[in-house]
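For reference, the structure is listed below as structure tokens.
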Amino acid sequence: MIIGLVEHEQGKLNERTAEMLTLGWKLAAQMGAPLAAVVMGQAAPELAERLAAFGVSTVYAVKHERLSSYAPEAWARCVEQIMVAAKPATVMAAGSERGNEVMAYLGALTGLPMAANCTEVQPGESFFVTRQCWGGTLREEARIHGSVKLLTVAPLALAAEEAPSPAALSVSEFAPTLTDKDLRVRVVERIESASGRVTLAEARVVV
């Protein structure tokens, strides 16, 4: 199984996550493995149709009274607990600030290696990955070992592309066990930025 961590904005799939799921379903096809997704909060029903279009067959809908906002260590703890039951070969996330942060926490919790900002992945006993370094100015080829491979997908490395045929999707509710320590870092307030601006991380060309 391959598990992808889903980022969304009020039930709308994040574009970086769509790119990650594109690599996810292609990797799943090569490995002959199912693709699953982890969704935090109450958005799983709203996202179900879009996730199925990207080949996701199982959604783990994480529900906890203290997970109404982003909390990186708690998110990682949730994924860690899902890994125990699902036994995935790979866990993936978008190479966004949140995706890289959660996966770094997950690597620390599990002791597993992580490859950030991947552009290509070739499966095997060890995965051969190509990844971006130094803000995309350098490409590195490496092998990642471990019982579970942790990956993030570089932003804008590939275009979002739905799977050839949608999957028959099932939703499984998951109630994690969290402590106060897991929630030390969390979003307590949101201030919306001005719309219509492109950040440096999302710009295709910087002069």
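All values below were derived from every heavy atom in this structure, side-chain atoms included, with hydrogens, water molecules and symmetry-related copies excluded. Worth saying up front: this structure is predicted, and the values here are computed from it rather than measured.
Put simply, the side chain of Glu140 never gets that close to the backbone of Cys133: no donor and acceptor are under 3.5 Å apart. When atom types are taken as modelled, the side chain of Trp25 and the backbone of Ala53 share no donor-acceptor pair closer than 3.5 angstrom. Without hydrogens or angle criteria, Thr17 side chain to Leu13 main chain gives no donor-acceptor distance under 3.5 Å. Although no hydrogens or angles enter the test, the distance criterion places a donor-acceptor pair under 3.5 Å between the side chain of His8 and the main chain of Met40.
Between Arg16 and Glu19 there is a salt bridge, since a side-chain N of the basic residue sits under 4.0 Å from a carboxylate O of the acidic one. Comment: Lys181 engages Glu73 in a salt bridge, judged by a side-chain N to carboxylate O separation of less than 4.0 angstrom.
At a threshold of 4.5 Å between side-chain heavy atoms, the hydrophobic network of Ile, Leu, Val, Met, Phe, Trp and Tyr places Leu150 and Leu21 in two separate groups. Under a hydrophobic clustering in which Ile, Leu, Val, Met, Phe, Trp and Tyr are joined whenever their side-chain heavy atoms come within less than 4.5 Å, directly or via other members, Val153 and Leu112 fall into different clusters. Ile3 and Val6 sit in two unconnected hydrophobic clusters of ILVMFWY residues. Membership requires side-chain heavy atoms under 4.5 Å apart, directly or through other members. Follow the hydrophobic side-chain contacts under 4.5 Å out from Met1 and you never reach Leu169; the two are in separate clusters.
Side chains of Arg139 and Glu141 form no contact here, defined as non-hydrogen atoms less than 4.5 Å apart. Counting only heavy atoms from C-beta outward, the side chains of Lys63 and Phe174 never approach each other to under 4.5 Å. Taking 4.5 Å as the limit, some side-chain heavy atom of Met83 sits within range of a side-chain heavy atom of Val91. With a 4.5 Å cut-off on side-chain heavy atoms, Leu47 and Val59 do not count as touching. Using a 4.5 Å heavy-atom threshold, the side chains of Cys118 and Thr152 count as separate. The closest side-chain heavy-atom distance from Asn117 to Pro155 is below 4.5 Å. With a 4.5 Å cut-off on side-chain heavy atoms, Thr119 and Gln132 count as touching. Thr90 places none of its side-chain heavy atoms less than 4.5 Å from the side chain of Val148.
When the side chain to side chain donor-acceptor pair (under 3.5 Å) test is applied to Ser96, the partners found at least two apart in sequence or on another chain are Glu7. With sequence neighbours excluded, no residue satisfies salt bridge (Lys or Arg N to Asp or Glu O under 4.0 Å) with Glu120.
Pairing each heavy atom of Pro176 with each of Gln81, the nearest pair is CA-OE1, 3.3 Å. Counting all heavy atoms, side chain and backbone alike, Phe54 lies closest to Ala18 at CE2-O, 3.7 Å. Scanning all heavy atoms of the two residues, the minimum distance from Ser126 to Arg143 falls at OG-NH1, 3.4 Å. Closest approach of Pro113 and Ile144 over heavy atoms only: O-CD1, 3.6 Å. Here the closest non-hydrogen pair linking Ser57 and Pro34 is OG-CB, 3.9 Å.
Applying the side-chain contact (heavy atoms from CB on, under 4.5 Å) test between Val39 and each of Val171, Leu51, Val56 identifies Leu51 as the sole match.
Annotation: cation-pi geometry satisfied between Arg98 and Tyr70 (NZ/CZ under 6.0 angstrom from ring centroid, within 45° of ring axis).
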- Item | Leu178/Cys78 under side-chain contact (heavy atoms from CB on, under 4.5 Å): CA gap, chis, key distance, verdict | CA-CA 8 Å; Leu178 301 176; Cys78 294; 4.2 Å; yes

- Check step by step if side-chain contact (heavy atoms from CB on, under 4.5 Å) holds for Arg131 and Leu151. CA-CA 10 Å; Arg131 55 186 296 265; Leu151 311 171; over 6 Å; no

- Message: Show, in sequence, the C-alpha distance, side-chain angles and deciding distance for Tyr60 and Glu173, and conclude whether the side-chain contact (heavy atoms from CB on, under 4.5 Å) test is met.
- Response: CA-CA 6 Å; Tyr60 294 98; Glu173 291 191 3; over 6 Å; no

- Evaluate the side-chain contact (heavy atoms from CB on, under 4.5 Å) criterion for residues Met92 and Ile2: first the C-alpha distance (whole Å), next the side-chain angles of each, then the deciding distance (0.1 Å), finally the verdict. CA-CA 8 Å; Met92 306 174 67; Ile2 296 172; 3.7 Å; yes

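Remark: Phe127 CZ to Leu27 CG distance equals 5.5 Å, nearest 0.5 Å. Distance check: Leu156 CG to Glu15 CD gives 9.0 Å after rounding to the nearest 0.5 Å. Rounding to the nearest 0.5 angstrom, the gap separating the NZ atom in Lys26 from the CG atom in Leu35 is 13.0 Å. Distance check: His64 NE2 to Thr177 OG1 gives 7.5 Å after rounding to the nearest 0.5 Å. Taking CG from Leu5 and CE from Met20, the interatomic distance works out to 6.5 Å, rounded to the nearest 0.5 Å. To the nearest 0.5 Å, atom CZ of residue Arg77 and atom CD1 of residue Ile82 are 13.0 Å apart.
Heavy atoms of other residues, nucleotides or ligands lying less than 6.0 angstrom from CD of Gln30 number more than 12.
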